[in-house]
Amino acid sequence: MDKITTIIEEMDSRFNNIKIYLPFFDVYLGSNKYNYNLPVIMLSILSYLVNESKLKHKKITFRDIQGFVSKLLIEIYVETLFEQELKEFVSYTLDKMQNGGSFNFRYYSPIAKKEKEKLVKLIDIKPEKNEVYYYITDEGLDFYLKTKEFPEESKITINLLLFQKQIENGSYGYALDTVRNLRMEVEKRIEEKRTILERLMFGGKEGMNNYNEYHRKVELQFKKEKELFHEVLVLLEKDREEFIDKIEKNVLSKKEKKANEQLNLISKEMNISMENHNKLLKEVVDLIKKYDEIMKMKQKNAFSEKFKFNEELEKMVEKKISLEKASVLLEPLLMPKLKKSFNPLNFFKSQKITSNKATLDYEDLDKTTENKKKKTLDEEVKERANHNFNFFMRELLHCVKKSEIVTLEEWISYLEEKYGKNISYNADLVSFLIKINHKKDENFKKETIIYDFFAIKDNKQKKNNTEIDYLLKDILLVEPLTNLKQLEITTIPQEDIAINEVVKVTNMIFKGE
Amino acid sequence: MYTKKEHLGEALDIFKKLLNQEEVSANSNKELYDAYITSTEIEEYIQFICEKMDMEIYSYNKQLFLTPSINNQVFGYNNEELRNRIPYVNNNTQLYMIYFVGVVIITMFYKESAMDTSIPFIKIEQITEEVTNKLDALIDEEELEDISNEYQFNFADIAKEWKNLLTTVENNSGRGISDKFKLTNAACRFLADEKLITIDMNREIILPTDRFKGIVYKYFETKANKSKVLDYIYSL
């Protein structure tokens, strides 16, 4: 009877351990509209996030993942996808991995005697200053590490013991892997704090249980792990001293040289792990403070009123409320409007006539120019077009200088934000885009042309698009653009982009280097 | 030791930065943020300034946010100003459709106001579907030919307009508002300009920003604000 009681008591905990496998098997068993193996791509992306985001603390964007997957497809399938196809494939894969936010793991709890639900996510995304970054969650890290078959509890202890054995046996290659895993486990334990806090905020009673469990785990195991760290450090130092002795006597064999290099790497990783491990206690103290804050907030929230958006919207629709009134739901979210006024004293300020920087203005086709000397219509049109081409090319160069890679759509948005929406209706803009969009390949493949600024200045540019060469040369003579060495324009013939409500042009990607 | 004048000065500096749409947080303009958080006097001064300007200031996730209260004639937008702000919107019908999409986006992230949303992102195509679902129920085929009173834009009128828009599946990231996807995109770009969402066109998804979450939590969970909003909506 006791055994059955224990089995039942442990059930919830076992389900909690199993839940992290759900996303992978959902992908494994689910549909796939591509010929590439999604489970492989999924595990590869997780590995990439662990190495780059967790270990190197880099912020990973969609583009980074796209670049990684591109290399992966070349390695595994010897295939290269076009930019748009690759973007769609990566987007499809990430959609599968995220499942709209999280996966729902449902199970029956024999203790609670009812169905329970746990949300699982292996990766997460967060916006930060107009960019979106991808992270592996600690559930994701847990899943990833478990694919190398480490048991649940005291992974730090197990790694330390294993490491000890490997150093004693001189298996430095394996020891290096182990110490890297150890570092990840320590980082995971620190990251857990963030998850605990989230669960405390939204998790109700379970959040409390998670907090207590984490607290107990860190306190109990910390002392034991600290002792083990000390023991393996002593072992490591002893081996290093032996190698240093041999180096001084110049009696290191080739094999021993390699082992010494590995030991140095191991030492580095170990130092980072120890530093992070020492942080753990501090994290627990911080967690206790945050716990108090959250409890106070929850007490306050118990008496606050929720605004039921969905319910209120449905009521408004049913009662046929005027949208002018209903739009008040959006008003508090908008930013304050800033009204600017003109100071007439500005008339007396000294004004710059010319400027080195591009305080340019394009000529609107509708504006009249009374002070110009009389010219033929053709001459006027040509002059205006040349002026505007110069203007658009400068704006393009400024844009790629800021952002390195810019799509046609992004550049049009940039122009509209700077000069107003009318600019996208400027006929010279369309002509300019047609001019820089060089001859399409008959098979409608992508084409890239590179404008090398040094070659252009020295008249050594390969003749691809003479008019653009001359345009760039004129600009470079006046404005050096010291940080830019070339402009790369890639045409994507099978894609058309609407630059305004009337006109569509072939899509292009601009890259400055 | 700060004088009253210095406290007021700091409060005005914070207000000015926020009004100018600059970030005041633990990462940007940190001294001002710390001053707000650590000094009760500065906090009181800035609350007073906001009250006089008919605005609200909130702290959420280590950042300060400023927002005009509803019907703020000085710092809030009227319809004409919003039409001028949002590209391709030339009349009130189009404007109210943008509003409606914005409100639907709020309901997709939040069933009810809360400290945070459990929905990390939404696909743009899902927004279009949700708007269609919400409006479909209102269309009575017999009423399609009715002419609506142009000063009373109710949901049925918007529903008819929405139904008449094309539903294209290609080039749904283009600009303009001539079809459902483009209009949804225009609404998303407007909300992104207001720093309420981040748009990721790589995956065609939108994510809520801290500003969005902070105001939904702090503004809409205050009893007084909730009453103000609902009283306005249901007033005759």
Side-chain angles (χ1 to χ4, degrees), chain A residues 62-63 66 87 90-91 94-95 98 100-102 119 124-127 130-132 201-202 297 301 304-314 316-317 319-339 409 412-413 416 421 424 496-501, chain B residues 19-21 55-56 66-70 75-77 81 87-88 96 99-100 102-103 106-107 110-116 118-121 134 138 152-156 158 171 173-176 178 194-196 198 200 202-203 207 209 212 215 219-221 223 225-226 229-230 232-234:
Chain A
F62 180 90
R63 271 206 171 278
Q66 195 176 311
K87 191 165 110 169
V90 173
S91 187
L94 289 171
D95 283 348
Q98 287 193 273
S102 57
L119 297 178
D124 204 352
I125 52 174
K126 287 210 168 77
N130 292 330
E131 188 57 83
V132 174
M201 280 215 280
F202 306 111
M297 216 169 15
N301 282 348
S304 70
E305 293 203 11
K306 305 280 174 198
F307 192 101
K308 295 183 166 68
F309 291 108
N310 215 22
E311 217 175 88
E312 292 298 338
L313 179 62
E314 279 166 11
M316 286 183 237
V317 170
K319 293 186 178 179
K320 297 191 169 34
I321 297 292
S322 148
L323 259 167
E324 182 149 19
K325 290 200 163 181
S327 65
V328 82
L329 280 182
L330 211 46
E331 258 186 63
L333 291 156
L334 301 185
M335 297 222 263
K337 170 192 77 187
L338 264 188
K339 247 186 183 157
E409 203 176 3
I412 299 296
S413 294
E416 281 181 343
K421 41 188 179 171
S424 63
D496 285 339
I497 296 293
I499 60 163
N500 54 46
E501 287 203 305
Chain B
L19 202 59
N20 208 26
Q21 296 178 16
M55 298 179 97
E56 315 249 359
L66 187 67
T67 180
S69 296
I70 61 171
F75 295 106
Y77 287 92
E81 285 160 346
Y88 310 107
Y96 292 137
Y99 276 156
F100 186 72
V103 172
I106 299 176
T107 64
Y110 292 94
K111 289 273 176 300
E112 58 182 34
S113 58
M115 224 185 302
D116 200 343
S118 57
I119 314 285
F121 64 88
K134 285 218 166 358
L138 295 169
Q152 287 291 330
F153 283 95
N154 68 28
F155 292 91
I158 301 302
N171 193 23
S173 59
R175 276 163 287 118
S178 51
E194 290 294 313
K195 298 193 167 84
L196 292 168
T198 302
D200 180 358
N202 288 311
R203 289 176 66 191
L207 301 92
T209 59
F212 186 107
I215 295 174
Y219 183 90
F220 285 98
E221 285 217 350
K223 195 173 175 182
N225 287 336
K226 186 182 166 184
V229 167
L230 292 177
Y232 178 78
I233 289 171
Y234 294 109

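So you know, we letter chains A, B, ... as the sequences are listed, proteins then strands, and number each from 1. Predicted model, so just to flag it, every value in this text is computed and none were measured.
Inter-residue side-chain proximity for A:L333 and B:E194 is flagged as unmet; no heavy-atom pair is nearer than 4.5 Å. The closest side-chain heavy-atom distance from B:F220 to B:E112 is not below 4.5 Å. Looking at A:P332 and B:E56, their side chains never come closer than 4.5 Å, going by heavy atoms from C-beta outward. Residues B:K111 and A:K308 are not in side-chain contact: their nearest non-hydrogen atoms beyond the backbone lie 4.5 Å or more apart. Residues B:V103 and A:F309 fail the side-chain proximity criterion, which asks for heavy atoms closer than 4.5 Å.
In this structure, chain B has a heavy atom under 4.5 Å from the side chain of A:V132, while its backbone stays farther away. In this structure, the portion of B:P120 lying under 4.5 Å from any heavy atom of chain A is its side chain and not its backbone. Heavy-atom distances place the side chain of B:E81, and not its backbone, under 4.5 Å from chain A. With a 4.5 Å cut-off on non-hydrogen atoms, B:Y219 touches chain A through its side chain but not through its backbone. Contact annotation for B:S113: both backbone and side-chain heavy atoms come within less than 4.5 Å of a heavy atom of chain A. Heavy atoms of A:Q98 lying under 4.5 Å from chain B belong exclusively to its side chain. When heavy atoms are compared at a cutoff of 4.5 Å, B:L196 approaches chain A solely by way of its side chain, counted from C-beta outward. Proximity to chain B (any heavy atom under 4.5 Å) is shown, for A:L329, by both the backbone and the side chain. Contacts between A:L94 and chain B at a heavy-atom distance below 4.5 Å involve backbone atoms as well as side-chain atoms.
Counting heavy-atom pairs closer than 4.5 Å to chain B, the top residue among A:D95, A:N130, A:V90 is A:D95. Ranked by non-hydrogen atom pairs under 4.5 Å with chain A, the options B:I119, B:T209, B:L207, B:N20 are led by B:L207. When B:F121, B:Y110, B:F100 are compared by the number of non-hydrogen pairs under 4.5 Å with chain A, B:F121 comes out ahead. Across B:R203, B:M55, B:Q21, the residue that shares the most heavy-atom pairs under 4.5 angstrom with chain A is B:R203.
B:L66 and A:P336 make their closest contact through O-CD, 3.9 Å (heavy atoms, listed as atom of the first residue, atom of the second, distance). Of all the heavy atoms in B:K134 and B:T107, the pair that sits closest is CE-OG1, 4.2 Å.
Rounded to the nearest 0.5 angstrom, B:L230 CG and A:F307 CZ are separated by 4.5 Å. Remark: A:R63 CZ to B:N202 CG distance equals 6.5 Å, nearest 0.5 Å.
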